[in-house]
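Input: a single structure, listed below in structure tokens.
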Number of protein chains: 2
Amino acid sequence: MSIELEKALDRVLEGDCVETLKALPAGCADLVFADPPYNMQLKGELRRPDNSKVDAVDDAWDQFESFQAYDKFTREWLAGVRHVLKDNGTLWVIGSYHNIFRVGVALQDMGFWVLNDVVWRKSNPMPNFKGKRFTNAHETMIWASKNPNAKYTFNYEAMKAMNDDLQMRSDWTLPICSGHERIKNADGEKAHSTQKPESLLHRVIVSSSKPGDVILDPFFGSGTTGAVARRLGRHFIGLERDKEYASIARQRIAAIEPAPDECVEVTRSKRAEPRIPFGWVVERGLLPPGTILHGQQKRHKAKVRADGTLVCADATGSIHQIGAHVQGAEACNGWTFWQYEHKGKLIPIDVLRQQLRASIS
Amino acid sequence: MSIELEKALDRVLEGDCVETLKALPAGCADLVFADPPYNMQLKGELRRPDNSKVDAVDDAWDQFESFQAYDKFTREWLAGVRHVLKDNGTLWVIGSYHNIFRVGVALQDMGFWVLNDVVWRKSNPMPNFKGKRFTNAHETMIWASKNPNAKYTFNYEAMKAMNDDLQMRSDWTLPICSGHERIKNADGEKAHSTQKPESLLHRVIVSSSKPGDVILDPFFGSGTTGAVARRLGRHFIGLERDKEYASIARQRIAAIEPAPDECVEVTRSKRAEPRIPFGWVVERGLLPPGTILHGQQKRHKAKVRADGTLVCADATGSIHQIGAHVQGAEACNGWTFWQYEHKGKLIPIDVLRQQLRASIS
DNA sequence: GTCGTTCGTGAATCGGACG
DNA sequence: TCGTCCGATTCACGAACGA
């Protein structure tokens, strides 16, 4: 059995991911993002101090008989990933201490080359209610190439631009998925127990893929990978065993408006930029790529790109550079110069930086 | 061959750690901290942008022929750790993505139970000079008990106090070891290539051991574990293969002044306080039989009986049982739920328990 | 509408003494 | 080993609600 690429591109394929991976054309994916079951071995129920019950991840898909069974499963889907991944492609896997060590060993044994382990620091994790351990406040991602000498994509300058013009570190502070972003079913319950935040996928995709690339997710779930890929001008291939999840993902992605082409381009040149993490505002969805910013009561305007740079009629650069450029000035504080429109009012983007600071610290 | 505990306590034992672990008495350690070789697979030398050479970890002790050889080594020293570790003791291992996955799998396979993975976020990491990856800005520690049901030590309140009265999270931001703390040899070069900061060991030891405990480090190196253990009023056992390192560690530790006893004590948890039956409060006359207790601002009430049980409209039982009963809840902490009226104010009965405790001790 | 308060909830391997 | 019962334990957000 085999599946043609055009039948898979920008689609959600239902079925067992190991089988589907085998059936897909070799080397069809530039990037793979995988959020496999964590194999959490929960015992009894857990209650908060106020006696309410914690809605734990007790889905059948997270149950394995033993570590050995989990290892076997891991090696099977990783073999499938090796098949679909281009030789210069890279793989991201996310997990917790329950499973990530086993994934890491499997990766190394199978010839993948670990490039980084990246820690997702949750700004708002669930507390430890019984006071018996440290608050489990992070998850771990492994970023690996297919082999030690691969010429993989890493958008170094874009990452640096997104991080205050400092090199992007291996620890990323981002909030968990909640509020309107969290997809609910008809009963108002969460549609998927482990939906990942779009900001996380934004950073993964901007860092290690190019516009037009094919991003494959073998555990598609609610389709966060597809949603962000589409918004950022990448193709996706989603594999999902559960029909309900697949259906939710399709609906979700259909509602996504891709950002204009020029907005998903990221910085390539090595130029000194001021130390302002405007990219985080974009990454966190406080301003979507493509948003128009206004300067001096609509006398000037520019458009936001995915890596936090701005583009105007004849130039590209940081919020400060473009602010200075459009005024013909030597320097400019972009945070106070640029404004965005909200309910008919112009609001300085510095407000968003303050929001972000408050949520991070 | 065997080594008596008194010959090992507060000493640095030279020799192969696997052999030494076997020779030590079973169950002699309350806590083990291990900083094993990372098995970094460096290819060629690394240079900074200014062409200066980076003094990488290329020591002979960090070279393994293959992952299999590293795994074998790991399981050998971990078996030794199981031998020396008390049943209710815990183990910390620190590593990077080069080795930590393999350590984690070995731990899990050997029956250890992971309690947390803790990320050490370096506030001042070495940058990535090539711009080909994310700045490697953290290391990972695994904290594990000997088996799933162990009654391990975790000084929850102490950790909370150290973190501005918020639960301590699984990510710790601490600087790397540098400046005066970094031990130099006669030539001014660093004496050990991977010396850990004392602040890291401080947090490890305060969180998961008690004063007087025995802390064993099978890869003692420059002796950071011993230095901090001594300062915090714990015993240490250091195992080190290299005579030079052992000598450096001995000198270093000899210069340490232990903190006064009262300073190494940490906040006692409420769980460790002596238990006071509610009946004692009645017996001592702090509340006369017949007193009316109120729950939730007079929404519920019950009457105290001479034996310390409560009676409400339709039930009799302990303060906890009746508290749960009137709320229709499964459980309740009667000490904090019930209040009595004194001079027109409602006062939690827990206040009386505290009075009684103070008068007893 | 606005502001302040209450309520709900998130990938969680979450107790221990005593009979 | 198992059942019973005491009694210790939460942070950040966003939504909903009420004044």
Side-chain angles (χ1 to χ4, degrees), chain A residues 35-59 61-64 67 94-100 120 122-140 175-182 184 188-190 192-197 221 343 355 358-361, chain B residues 88 108 112-117 144-145 148-152 154 156-157 160 163-170 269-279 308 317-321 323-324 330-338 349-350 353:
Chain A
D35 182 11
Y38 288 8
N39 186 30
M40 297 199 307
Q41 296 145 51
L42 304 177
K43 289 169 182 170
E45 65 171 26
L46 179 63
R47 288 180 178 273
R48 299 185 179 81
D50 66 4
N51 212 30
S52 64
K53 191 160 169 266
V54 172
D55 183 17
V57 177
D58 55 359
D59 307 74
W61 49 253
D62 199 46
Q63 310 295 323
F64 291 82
F67 282 132
I94 185 167
S96 67
Y97 65 82
H98 309 84
N99 72 321
I100 199 66
W120 169 27
K122 301 179 185 183
S123 55
N124 50 348
M126 192 183 341
N128 183 292
F129 296 117
K130 302 295 187 196
K132 302 304 290 181
R133 301 180 178 194
F134 299 100
T135 302
N136 207 340
H138 75 275
E139 294 188 24
T140 301
I176 62 176
C177 180
S178 65
H180 284 299
E181 189 184 324
R182 188 88 196 210
K184 308 288 200 311
E189 297 163 332
K190 54 191 176 191
H192 192 284
S193 57
T194 69
Q195 186 182 342
K196 294 293 176 286
K343 293 183 182 173
Q355 284 179 18
S359 74
I360 285 171
S361 63
Chain B
N88 289 327
Q108 290 177 320
F112 286 95
W113 192 246
V114 178
L115 299 168
N116 279 113
D117 60 330
S145 61
N149 301 311
K151 294 183 172 62
Y152 55 90
F154 177 54
Y156 174 77
E157 290 76 15
K160 192 167 172 176
N163 193 41
D164 206 12
D165 276 346
L166 293 177
Q167 289 189 334
M168 185 67 80
R169 299 166 40 115
S170 56
S269 74
K270 286 189 186 172
R271 286 186 180 94
E273 298 283 343
R275 268 165 81 152
I276 306 284
F278 179 64
S318 72
I319 52 172
H320 313 293
Q321 288 167 336
E330 285 196 6
C332 168
N333 182 346
W335 290 108
T336 51
F337 178 76
W338 295 109
I349 59 173
D350 202 37
R353 180 170 63 162

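First the proteins, then the strands, lettered A, B, ... as listed; each starts at 1. All values below come from the heavy atoms of this structure, side chains included, with hydrogens, waters and symmetry mates left out.
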Hey, could you give me the CG/CH2 distance between B:Asp350 and B:Trp338, rounded to the nearest 0.5 Å? 15.0 Å
For B:Glu273, which contact category applies under a 4.0 Å heavy-atom criterion: base, sugar-phosphate, or nothing? nothing
More than 12 non-hydrogen atoms from neighbouring residues, nucleotides or ligands closer than 6.0 Å to NZ on A:Lys43, yes or no? yes
A:Trp120 vs A:Pro197 side-chain heavy atoms within contact, under 4.5 Å: yes
Checking all strands, does A:Thr194 fall into the base, sugar-phosphate, or nothing category for heavy-atom contacts under 4.0 angstrom? base
Mind checking if B:Leu166 touches a base, just sugar-phosphate, or nothing, with heavy atoms under 4.0 Å? sugar-phosphate
Plane angle bin for B:Phe154 and A:Phe134 - parallel if under 30°, tilted between 30 and 60°, otherwise perpendicular: perpendicular
Rounding to an integer number of angstrom, what distance separates D:dA16 and C:dG1 when you compare their C1' atoms? 16 Å
For B:His320 and D:dC5, what is the distance between atoms NE2 and C1' respectively, to the nearest whole Å? 8 Å
Judged by nearest nucleotide, the residue sitting upstream toward the 5' end of DNA chain C, B:Lys151 or A:Lys122, is A:Lys122
In whole Å, measure the gap between the P atoms of C:dG16 and D:dT10 for me. 16 Å
Closer than 4.0 Å, any side-chain N/O of B:Ser318 to the OP1 or OP2 of D:dC6? yes
Applying a 4.0 Å non-hydrogen cut-off, can you work out what B:Pro148 is touching in the nucleic acid: base, sugar-phosphate, or nothing? nothing
Note on DNA chain D: ranges paired as stems (three or more Watson-Crick/G-U pairs in a row, both atom distances under 3.5 Å) are C:2-10 with D:11-19, C:15-19 with D:2-6
For A:Asn39, report the nucleic acid contact type (base, sugar-phosphate, nothing); a contact means any heavy atom under 4.0 Å. nothing
Any A:Asp55 side-chain heavy atom under 4.5 Å of A:Lys190 side chain: yes
Length of the CZ-P vector between B:Arg275 and D:dA8, whole Å: 9 Å
Steps toward side chain to side chain contact (heavy atoms under 4.5 Å, CB included) verdict (A:Phe67, A:Gln41): CA-CA 11 Å; A:Phe67 282 132; A:Gln41 296 145 51; 3.7 Å; yes
What nucleic acid atoms does A:Lys132 come within less than 4.0 Å of, heavy atoms only: base, sugar-phosphate, or nothing? sugar-phosphate
With side chain to side chain contact (heavy atoms under 4.5 Å, CB included) as the test, would you mind laying out the steps for A:Val54 and A:Glu45 before giving the verdict? CA-CA 7 Å; A:Val54 172; A:Glu45 65 171 26; over 6 Å; no
In whole angstrom, give me the gap between the C1' atoms of D:dG7 and C:dC14. 15 Å
A:Asn128 near the nucleic acid: base, sugar-phosphate alone, or nothing, with a heavy-atom cut-off under 4.0 Å? base
Nearest-Å distance for atom pair CG/C1', residues B:Asp164 and D:dT10: 16 Å
Anything under 4.0 Å to a heavy atom of chain B counts; send over the first and last such nucleotide of DNA chain C, read 5' to 3'. C:dT13 to C:dA17
Note, A:Glu139 side chain near A:Lys122 side chain (heavy atom, < 4.5 Å): yes
Using whole Å, what does the distance between atom P of nucleotide D:dG7 and atom CG of B:Asp350 come to? 10 Å
What is the distance from CH2 of B:Trp335 to P of D:dA8, rounded to the nearest Å? 9 Å
How would you label the contact of B:Arg169 with the nucleic acid (heavy atoms, under 4.0 Å): base, sugar-phosphate, or nothing? nothing
Within the structure, does a side-chain N or O atom of A:His180 lie under 4.0 Å from either OP1 or OP2 of D:dA15? yes
Atom-pair distance (CG on A:Asn51; P on D:dG7), nearest Å: 16 Å
Checking all strands, does A:Pro36 fall into the base, sugar-phosphate, or nothing category for heavy-atom contacts under 4.0 angstrom? base
Chi-based syn or anti call at D:dT10, which uses purine or pyrimidine torsion atoms and a 90° bound: anti
Specify the separation, in whole Å, of atom NZ of B:Lys160 and atom P of D:dA8. 14 Å
Scan side-chain atoms only and decide if A:Ser96 and A:His98 contain a donor-acceptor pair under the 3.5 Å cut-off. yes
Strictly below 4.0 Å: does B:Asn333 bring a side-chain N or O up to OP1 or OP2 of D:dA8? yes
Mind checking A:Gly44 for me? I need base, sugar-phosphate or nothing, with any heavy atom below 4.0 Å counting as a touch. base
Should B:His320 and B:Phe337 count as side-chain neighbours, where that means a heavy-atom distance under 4.5 Å? no
Worked check of side chain to side chain contact (heavy atoms under 4.5 Å, CB included) between A:Met126 and A:Asn136: CA-CA 7 Å; A:Met126 192 183 341; A:Asn136 207 340; over 6 Å; no
NA contact type, A:Cys177, heavy-atom cut-off 4.0 Å: base, sugar-phosphate, or nothing? nothing
B:Arg271 CZ to D:dA8 C1': how many Å, rounded? 5 Å
